[in-house]
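Worth saying up front: this structure is predicted, and the values here are computed from it rather than measured. Values below: all heavy atoms of this structure, side chains included; hydrogens, waters and symmetry mates excluded.
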Amino acid sequence: MEKNYDPKGMEDRLYSKWVEKKYFHAEVDESKKPFTIVIPPPNITGRLHMGHALDETMQDIIIRFKRMQGYNALWQPGTDHASIATEVRITDELKKEGIDKHELGREKFLERAWEWKKEYGGAIVGQLKKLGSSCDWDRERFTMDEGCNKAVKEVFCRMYDKGLIYKGAKIINWCPVCLTTISDAEVEYKDQASHLWHIKYPIIGTDDFLEFATTRPETMLGDTAIAVNPEDERYKDLIGKKVMLPIMNREMPVVADDYVDMEFGTGVVKITPGHDPNDFEVGKRHDLEIINIMNDDGTINENGGKYAGMDRYEAREAIVKELDEMGLLVKIEDYTHNVGTHDRCKTTIEPLVKQQWFVKMDELIKPAVKGVKEGDITLVPASLAKTYFNWTDNIRDWCISRQLWWGHRIPAYTCKDCGELVVSRTDVDKCPKCGSTNMVQDPDTLDTWFSSALWPFSTLGWPEDTPELKYFYPTDVLVTGYDIIFFWVIRMVFSGYEQMGKRPFKTVLFHGLVRDEKGRKMSKSLGNGIDPLEVIEKYGADALRFTLITGNAPGNDMRFSYDRIEASRNFANKIWNASRFVLMNLEGKTIKEPAENDLEAADRWILSRMNNTVREVTENMEKYELGIAAGKIYDFIWDEYCDWYIEMVKPRLRAENEAAGNAARFTLKTVLITALKLLHPYMPFVTEEIYCIIKDATKDDKLPESIMISDFPVYDEKYGYAAEEKDVELVKEAVKGIRNVRSTMNVSPGRKADVTVVSEKEDILNAFKASEDFFKVLVSAAEVTYQKDKAGIPDDAVSVVVPNAALYMPFAELVDISEEKARLEKEVKRLEGELKRSDSMLSNEKFLSKAPAAKIEEEKEKRSNYEKMLKEVKERLELL
RNA sequence: GGGAUCGUAGCUCAGCUGGGAUGAGCGUUCGCCUCACACGCGAGAGGUCACGGGUUCGAGCCCCGUCGGUCCCACCA
C-alpha cells in the first residue's frame, strides 16, 4: 500500500468492477424485501453541480445502506427532457448557425433535439457515475421515452374524461421571450425599483377628473373600466358614470368593487382585464370587455392604436410623455414593487388571456393534503409540512399547455370541419362526429412537470401492469431539495394518489442548498460555483461525498469550502494509513478466532465501543440523520480506533506472546472491517479498496468479494463488555491526566517516570493492572506499582486524580513546586465548582422528589467522587 | 402582509422527544519527523448557547415577546 491514499484511477476501476458484476442491478424477487428510490431526474441540459452532488450522495448512501442490510434495493435512474430549458438551448444553437427555429419547422427541430439529446443527454449520467452512484443503469429511463409518453397520454385522457383536465380561456402567465405560457410555480416574484405614475382621466359630462395611480401606464391601452370601492363616500356618486380614456378616446364605466382598497393611493383603480389577473376577475364580475393589446413578443398590437408595433416599455415612456403633454400626468413617484418574472429567463411576465389547458386542482389536491396530514407520507424535516400546506391551501388550477415543441404533445385533436374536440390515447384521423378526416392535433406540448409527476410509477412500467410496479411501488424515500417541493413533490403526490390509488413514496427527505463559503447561492452569474467534478478529480469522490454529508441536518442549507474538503480527504487518508498499519501486522500471520479469555481489556473495550457505534449509526441512518451517523463513524474511526486502540495494541504486537498477539490482530481486523462497512455507504471507494486488499492479504474466504455486497454490521450482544468499557475509559482518563502533567511540566517524552496507582478499591486496581501493557507505554512509565494506600509516596510526588484512584509520579526534581501548586489549586477550584453544582442539585428537595431515581443516583455517585478527589488534591497541596 | 428558518468557541456548523457545553472541523498556542499517517501525534487556550420574560426541581433545547440574518409564499393598483 502507498503511504498516502490516492483515489486517482482507483475510483473508475472500482466503479467498472461494480457495474460489471451487476451489483447495482435489482430484479423482482419475492423472497426479499424491496427498497426503492427513484432519482430526481437531472435535466439533459444539465451539468453536474453541487446540488446534484449532494442529492445523489444522499441517495447513494441510503441505497447502499439498505442493500447491505439485505433489502432488494433499487435505485431507479433517468433523465428529464426539461422541455423549455432544452428548447431554449437548441434554439440558441440554431441561431448561431443562422437558422430560425420556425423556418426549420417542427419536425426538423425535433429531429435536431433528439440528436442533441443523444449526444449530450448522456453527459450528466457519466458525471453521476463519477460520484459513485449505485443506480441500476440497466433500468435507465427518460421522461420522454416511449413508456413515459404512454403514461402521459394515459393520464391526460383519464383526467380529461373525469373532467380534471379542461381547456379554457383564462388569464395566464406569458413569457414574451420564450413565447410560451408558464405555470404559477414558474413565476418568480422580484422586487423591482420602478415608479408609481399618478394619472387622471376626465369624467364625462363634467370638467372634473378622476385621479389614480398605476405601475404600468402602457396597459391603459387596454383599460375598459375604472373601479372604486362601493363603500367609498368620496366616489359614491361617480359609480355608473363614465370616464374618457385618453389617447384611445374610449368611454369607460366607473364600477364599484370590493377589490379596491380605499386606503391605497386615491382609492381609484384602472381596470385592464386583459393584462392583470385581478382586473381579469373584476372584469368577469362586471362583464367588462377584455382587450388584448399585446403581441406574443411583448410589443403593442393593433388594439394599441398608434402605439402598435412598439415594445411594451417603449410604449410606456411614450404614453407617459403624451399624457404629460395632455396635462393628465399628475406626478411620478419612486416605487418598489414585486414583479413576476420567468424563472428560466428572468423576463418580466406578461399576464394575457389565452385558450390553454388546465388541470383542475381543488379535488385532486385533497388526497395529497390528507396523505401528509395523516402521516401516510412523512416529510423530513417535518417542519416543511407547513410549506407544503401553504401551497396546497392556496392552490390554483395548473396551466399545463406550453407553446413549445420539445415535450409531450397534447393528445387532443380538433376537427377542422365541425370543430369537434377529441382527446385520445391514439392518433385520431377521422372525426367521430362528422366523419371528416380533416383532424389536427393540438400543437402545444405539456409542462415538463406533467411527465415528472408520473416518474415514480411511469419508470416502473405503468400503465402496463408490470411485476416491477407491483413489487417496487410505492417507493420508499424521495430525496430532493426543498426548493422543488411545489414543482415536483406535490405533483408526484397527487398524481400517485390519483393514478395508482397509493402514495408514491413513504418518506420525502429534503436537503437544503449548497452555498459557497460566504453563504451565497452558487450561481453562474456570480461565478462562485464550485465544480464537483473538479473536486473529485483533485480530492476524490469519497472526500466530496463525506464533506457534503457531515455536519448537515435534513433541510438545512450548507456551506461548501475547500477547508472542509481537505478535512474529508484527510479522513480518507487516515483510514488508509490505519489499514496500512493493520495490514502490516496481519501479513504472514494466521488469524484465529481467539478464546474468550485471550481478549484483553483493550480488545473488549474497542469491541464494545464498536458495537455501540454500530447501533447508533444504524439508528441514525434509519431516521435519515445521515450527518449524525457520519459524525459517529468519523469519531469512532479516528478517535477511538486510531488514536486509542491502535496505540493500546502496539506493545502486544511487538511482544512474543502468541495468544495475546492473535487476540490483538483478530480485534484489529474485526473492528477495521466493521468500521469499513459502516463507512462504505459514505465513502464507497476507499472502503472497497482497503477491504479487498485485506481480504486478499489474509486470504479470508469468509468475506464476500466486495464490501458493497457484504452485510451491514448489526448490534451483537456478545460484545456487551460494559464493565471493561468503563474500566478502560477510566484508564484513558488517567492517561490523559498524566500526559497533561508531563506536557505542562515540559517533561520530555523520552524521560520515563514510574507510576504508582493508589486506590482502596480492589477492582479499580485490577482495572489498571489489566491495562498495564499499554498504560505503561502511553504514559512513558518504566514501572507501574499498585497499592491500597499512600504508604511510601513521597510528599513532593506529582499526583493525578481520577474517580476512585490517584496516580503518583516522582517527578519532584524537575518540577517547579510553585507551578505544581498552581496546577493543584486550579484542580481544587474545578472540583469545588463541581461539588457546588452537585450539592445544589442534591440539596434541592424538589429535585429529590421529582427527578428520576436513576438521575439522582448518578448525581450522588458523581458527588462522592468529587468529594474524594477534592480531599486528595487538597492533601497533596498541603504537603507541598 | 403571511409563513418558515437560523442566531452555540475567531470561522463553518453539530447538539439525539429538557438533566453537567470533556461538542466537531478549520484556525490558534505549546511540544513532538514516536518503526500507519506531518493529509500526522500529544497537550492547551477559546463559549453570559442573540436579548428579555415565562413554564419546570432543572432550559441551548419548551412557551411568549424583542432584535438581527436568510428563505418561501402573497393580486394592493
Which nucleotide in the list [options] gets nearest to the side chain of [X]?
X	options	value
Arg515(A)	U70(B), A77(B), C41(B)	U70(B)
Ser383(A)	A4(B), C37(B), G42(B)	A4(B)
Lys855(A)	G19(B), C76(B), C41(B)	G19(B)
Ala553(A)	A14(B), G19(B), A36(B)	A14(B)
Lys623(A)	C35(B), C16(B), C39(B)	C16(B)

What does [X] touch in the nucleic acid at a heavy-atom separation under 4.0 angstrom: a base, only the sugar-phosphate, or nothing?
X	answer
Asn338(A)	base
Tyr335(A)	sugar-phosphate
Tyr634(A)	sugar-phosphate
Ala578(A)	base
Arg569(A)	base
Phe571(A)	nothing
Asp563(A)	sugar-phosphate
Lys386(A)	sugar-phosphate
Lys3(A)	sugar-phosphate
Asn740(A)	sugar-phosphate
Val260(A)	base
Asn844(A)	sugar-phosphate
Asp279(A)	nothing
Leu583(A)	nothing

Using purine N1 to pyrimidine N3 plus N6-O4 or O6-N4 for Watson-Crick, or N1-O2 and O6-N3 for G-U wobble, each under 3.5 Å, what pairs with [N]?
N	value
G19(B)	C57(B)
A43(B)	U29(B)
U70(B)	A4(B)
A9(B)	none
A14(B)	none
A36(B)	none
G65(B)	C51(B)

Between the side chains of [Y] and [X], is the shortest nitrogen-to-carboxylate-oxygen separation below 4.0 Å, so that they form an ion pair?
X	Y	value
Arg837(A)	Glu859(A)	yes
Glu729(A)	Lys726(A)	no
Glu625(A)	Lys623(A)	no

Given the [atom1] atoms of [N] and [M], what is the spacing between them in whole Å?
N	M	atom1	value
C26(B)	A9(B)	C1'	12 Å
A38(B)	G52(B)	P	49 Å
G69(B)	U8(B)	C1'	16 Å
C61(B)	G1(B)	P	28 Å
G18(B)	G27(B)	C1'	33 Å
G44(B)	C49(B)	P	24 Å
U66(B)	U29(B)	C1'	39 Å
G60(B)	U55(B)	P	16 Å

Is the backbone of Lys776(A) close enough, under 3.5 Å, to the side chain of Ser780(A) for a donor and an acceptor to pair up by distance?
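It does not hold such a pair.
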Under 3.5 Å, side chain of Arg545(A) to main-chain N/O of Tyr682(A), donor-acceptor pair present?
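Indeed, once roles are kept as given, a pair shorter than 3.5 Å links the two residues.
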Any cation-pi pair here, Lys650(A) with Phe581(A), using under 6.0 Å and within 45°?
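The answer is yes, since Lys650(A) meets both limits relative to Phe581(A).
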Are Pro381(A) and Phe510(A) close enough that some pair of their side-chain heavy atoms sits under 4.5 Å apart?
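Sidechains of Phe510(A) and Pro381(A): in contact.
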Is it true that Tyr388(A) and Phe486(A) have ring centroids separated by less than 6.0 Å?
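No, they do not, as the ring centres are separated by 6.0 Å or more.
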If you pin Arg739(A) and Glu625(A) to their nearest nucleotides in RNA chain B, which one's is more 5'?
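Closer to the 5' end of RNA chain B: Glu625(A).
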Go nucleotide by nucleotide along RNA chain B from the 5' end; which of Arg837(A) and Leu196(A) gets its closest nucleotide reached first?
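Looking at the nearest nucleotide for each, Arg837(A) comes out on the 5' side.
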